[in-house]
Amino acid sequence: MLRQGAVLRGCTAFPTIPVLGSFLGRKTRMRTFQRRIAAAIGAALGVDPAPLESQFSTPPDRKLGDLAFPCFLLSKELKRAPVQIAGELAALDLGLEWVSEVTAAGPYANFRFHREQFARQALAEIRSSGDEFGCSEAGAGRTIVIDYSSPNIAKHLAVHHLRSTMLGQAMANIFRAAGYTVVGVNHLGDWGTGFGKLLCALERYGSEDGLTESPLSERDDAITVLNGLYTRFNNEAKDHPELDDEARAWFQRLEAGDELARARWKEIRQFSLARFQQVYDRLGVKFDEVIGESFFEDRMPVVIAELEEKGLLEESEDAQVVMVGEDIPPFLVRKKDGTTLYGTRDLAAVKQRWDTWHFDRCLYVVDAGQGLHFRQLFTVAQMLGWECADRLEHSAFGVMRMQVDGGWAKGRTREGHVVLLEDVLDHAVEKARAVLLEKNPDIEDPDAIAEAVGVGAVIFSDMKARRIKDVNFDLEKIVSFEGETGAYLQNTHVRFCGLLRKSERQGFDPAAGAGAALTTDEDLTLLQELLRFPEVVERAAEEAEPSIVSQYLLGVASAFNTYYAQHRVVDEAPEHAARTADRLALVDRVRVTLRNGLRLLGITPLERM
RNA sequence: GCCCCGUUAGCUCAGCUGGAUAGAGCAGCCGCUUCCUAAGCGGCAGGUCACAGGUUCGAAUCCUGUACGGGGUACCA
């Protein structure tokens with residue numbers, strides 16, 4: 001009914017650019033280079049090179065070589081022992097100028113690179129996409145709808161909302177970078193019987209809180225007041241069941257379009273959204289569409305009619321349901337009082353999303369506890385014969401547990417109140433400011449930097465592990481900025497931003513280096529690691545798993561920090577000018593990788609801290 | 001009861017489309033700053049990859065079962 005729609009544009013940080021081909025696999029390193037070796041092997045042995053491309057791995061020890069090729073697959077196809085095939089490969093001339101040597105080590109053929117040649121070509125490859133390094137066109141022509149954040153109005157954004165919100169935002173960024181068209185939807189919880197209770201509570205106790213004199217929308221504490229009314233209502237309803245009937249009546253009034261009910265609901269929705277927006281702005285979260293459940297109010301009858309028409313709707317225990325399977329409970333379409341449920345609205349939403357966007361995938365970034373609901377929903381879509389049914393995915397994530405009496409439990413803290421997301425952000429920012437002022441007292445604009453570091457640390461801590469893992473909310477850990485943290489990535493990024501700034505003042509130009517001097521093991525490790533970035537992003541999209549990017553970034557930062565500790569980058573001696581230019585070029589590409597990766601995760605990269 | 005998810009170092013996790021000696025961070029101990037930001041780097045120590053079978057030339061990774069933990073299980077969202 002009320003469509004807020006298209007209030008925000010999506011992340012524009014990653015315009016798509018043409019890069020490389022399709023995704024190959026996790027163990028893959030540097031697919032263009034592997035493709036060339038695979039092609040050479042295929043030609044020499046007379047086999048299809050395509051399946052070979054994903055076979056490559058990294059030797060356990062650099063002494064063995066720079067790229068490993070296990071011969072087990074070829075062994076099956078050629079019906080010869082892998083050890084023998086490895087030997088044959090070692091004797092071949094592949095005709096690749098950047099491969100200097102092939103040695104057989106048991107069933108492995110290990111390729112050693114001609115360091116100068118390889119470094120030159122690798123650097124060119126990494127540079128080819130300029131500042132959009134990491135982007136690809138792997139998903140070109142495909143549309144992904146992502147349902148994320150989706151909080152209930154009239155409530156605060158609590159710390160556990162961070163999960164759906166940031167995972168979804170990161171996924172949206174990642175899919176866009178991989179070339180997909182993305183529609184990010186905030187499926188606002190703005191409908192349902194709960195609002196009957198709320199309206200009822202407002203009517204009964206509102207005047208006591210002075211709400212008649214000072215309207216809710218003019219009060220900063222409006223949501224807190226509403227929460228109080230709601231809690232009070234629920235407590236009183238325990239002893240007075242007739243209150244629940246009254247609440248149901250209010251929801252029916254709301255559904256029927258009663259003027260007073262509608263006006264109050266609309267006001268609540270309005271200021272809830274405004275409050276959410278403050279936090280979203282802080283987190284850098286943007287949606288393409290904000291569509292509440294209320295939007296589907298007049299679309300549900302159409303879907304229910306279709307269920308009926310196809311003979312799927314049944315009466316059971318006075319409710320209308322769809323029987324979705326023997327081992328799971330039925331999908332509720334209408335309660336016995338005739339009102340609808342959120343599942344009904346979800347079903348209408350599936351239809352609306354399909355009709356509007358013809359998506360290739362529709363992801364629900366919702367906690368794992370709702371697995372059954374989505375299983376039911378998807379099954380109903382299947383039973384309806386909807387083409388989109390198998391494109392629906394529940395991108396489930398684990399629960400956030402709070403510390404309660406020495407242990408960890410779902411939901412609330414020991415004191416029984418929710419931890420507000422804003423309070424967590426504030427706390428992290430305060431800690432970041434303290435550390436910043438201690439490390440770098442003369443820094444310009446410490447507020448902005450502390451904000452980025454603090455908020456970034458909170459975001460990163462939530463996206464470091466695979467999303468299905470439960471997370472224990474531990475404020476101390478979140479604001480610890482050492483080790484595998486958001487601040488570590490920021491700091492690494494900042495360090496070579498500073499290095500590049502300084503080198504520029506000294507007259508060096510990172511664009512001047514061609515890469516031929518990047519010949520140490522550490523150079524090679526970094527180049528190989530950097531080359532993976534586009535396929536890492538593609539895989540993160542494929543699996544809807546932002547932690548793949550997080551983990552990759554930690555690896556890059558760690559490799560760079562090791563490098564940085566061992567090798568002097570800027571050397572002003574004229575005889576080392578070429579090497580300095582090459583190392584600066586490498587550093588510049590690490591910088592771009594970290595910057596883009598942080599952005600994908602929804603973290604603002606800093607240039608100073 | 002049934003369904004879903006998890007189980008890898010003291011803690012938090014990576015590795016899971018099968019391949020060479022299972023990797024990080026934190027916590028503990030020992031080092032590193034006349035030189036590009038030490039929110040950093042290096043080292044030591046820490047593991048019957050929950051258990052038992054199976055498939056395979058090869059299993060932390062795939063299959064089956066068991067144990068433990070978490071979640072869900074029709075008129076809330």
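Side-chain atoms are counted along with the backbone in the values below, which use heavy atoms only and exclude waters and symmetry mates. Each chain gets a letter, A, B and so on, in the order the sequences are listed, and its residues count up from 1.
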*Using a heavy-atom cut-off of under 4.0 Å over every strand shown, decide if A/Lys477 touches base, sugar-phosphate, or nothing.*
sugar-phosphate
*Gap in Å between the two C1' atoms, one belonging to B/C3 and one to B/U61, rounded*: 25 Å
*asked:* So, does A/Arg466 get its side chain near the phosphate of B/G15, meaning an N or O under 4.0 Å from OP1 or OP2?
replied: yes
*asked:* Testing the 3.5 Å rule here: is there a donor-acceptor pair between the side chains of A/Glu314 and A/Gln320?
replied: no
_Give me the distance, rounded to whole Å, that separates B/C13 from B/G18 when you measure between the P atoms they each carry._
26 Å
*Short side-chain to backbone donor-acceptor contact, A/Asn561 and A/Ala557, under 3.5 Å*: yes
*Take the angle between the ring planes of A/His187 and A/Phe296 and call it parallel below 30°, perpendicular above 60°, tilted in between.*
tilted
*Euclidean distance, A/Arg467 CZ relative to A/Phe397 CZ, rounded to 0.5 Å*: 10.0 Å
*Starting at the 5' end of RNA chain B, write a dot or bracket for each base, bracketing those in Watson-Crick or G-U wobble pairs whose two distances are under 3.5 Å and using | for partners on another strand.*
(((((((..((((.....[...)))).(((((.......))))).....(((((..]....))))))))))))....
*Could you pull out all residues at least two apart from A/Arg591 that satisfy salt bridge (charged side-chain N to carboxylate O under 4.0 Å, His left out)?*
A/Asp588
*Quote, to the nearest angstrom, the P distance that separates B/G58 from B/G47.*
28 Å
*asked:* Among residues at least two apart in sequence or on other chains, which ones pass side chain to side chain donor-acceptor pair (under 3.5 Å) with A/His427?
replied: none
*Which glycosidic conformation, syn or anti, is assigned to B/U33 if syn requires a torsion within 90° of zero?*
syn
*For atom P, what is the distance between B/C57 and B/C51, given to the nearest Å?*
25 Å
*asked:* So, does A/Ser316 get its side chain near the phosphate of B/A74, meaning an N or O under 4.0 Å from OP1 or OP2?
replied: no
*Which of residues 572-589 of chain A have a heavy atom under 4.0 Å from RNA chain B?*
none
*Nearest-angstrom distance, P atom, B/A27 to B/U17*: 32 Å
*Hey, does the side chain of A/Thr580 reach the backbone of A/Asp571 with a donor-acceptor pair shorter than 3.5 angstrom?*
yes
*asked:* Measuring only the C1' atom in each nucleotide, how far is B/C44 from B/C4? A whole number of Å is fine.
replied: 43 Å
*Any chance you could lay out the ring pair (Phe, Tyr, Trp, His ring centres under 6.0 Å) test for A/Phe560 and A/Phe496, step after step, and finish with the verdict?*
CA-CA 10 Å; A/Phe560 175 77; A/Phe496 48 75; 4.8 Å; yes
*Quick one: does A/Ser503's side chain have a donor or acceptor within less than 3.5 Å of a partner on A/Leu500's backbone?*
yes
*With rounding to whole Å, what would you report as the distance between B/G40 and B/U33 at their C1' atoms?*
10 Å
*Tell me, which pairs form a salt bridge (Lys or Arg N to Asp or Glu O under 4.0 Å) where one or both residues lie in residues 432-448 of chain A, sequence neighbours left out?*
A/Glu430-A/Arg433, A/Arg433-A/Asp447
*Which one, B/A14, B/G6, B/U73, comes nearest to the side chain of A/Pro329?*
B/U73
Close N or O pairs between protein and nucleotides 39-44 of chain B (under 3.5 Å):
residue: B/A39; atom: OP2; partner: A/Lys439; partner atom: NZ; Å: 2.4
residue: B/A39; atom: O2'; partner: A/Asn491; partner atom: ND2; Å: 2.7
residue: B/G40; atom: OP1; partner: A/Gly483; partner atom: N; Å: 3.2
residue: B/G40; atom: O2'; partner: A/Arg495; partner atom: NH1; Å: 2.9
residue: B/G40; atom: O2'; partner: A/Arg495; partner atom: NH2; Å: 3.4
residue: B/C41; atom: OP1; partner: A/Tyr488; partner atom: OH; Å: 2.8
residue: B/G42; atom: OP1; partner: A/Thr562; partner atom: OG1; Å: 3.1

_Any A/Lys469 side-chain N or O less than 4.0 Å from OP1/OP2 of B/G70_ = no
*Are a donor atom and an acceptor atom from the side chains of A/Asp190 and A/Ser294 found within less than 3.5 Å of each other?*
yes
*Under a 4.5 Å cut-off applied to non-hydrogen side-chain atoms, are A/Arg163 and A/Asp462 in contact?*
yes
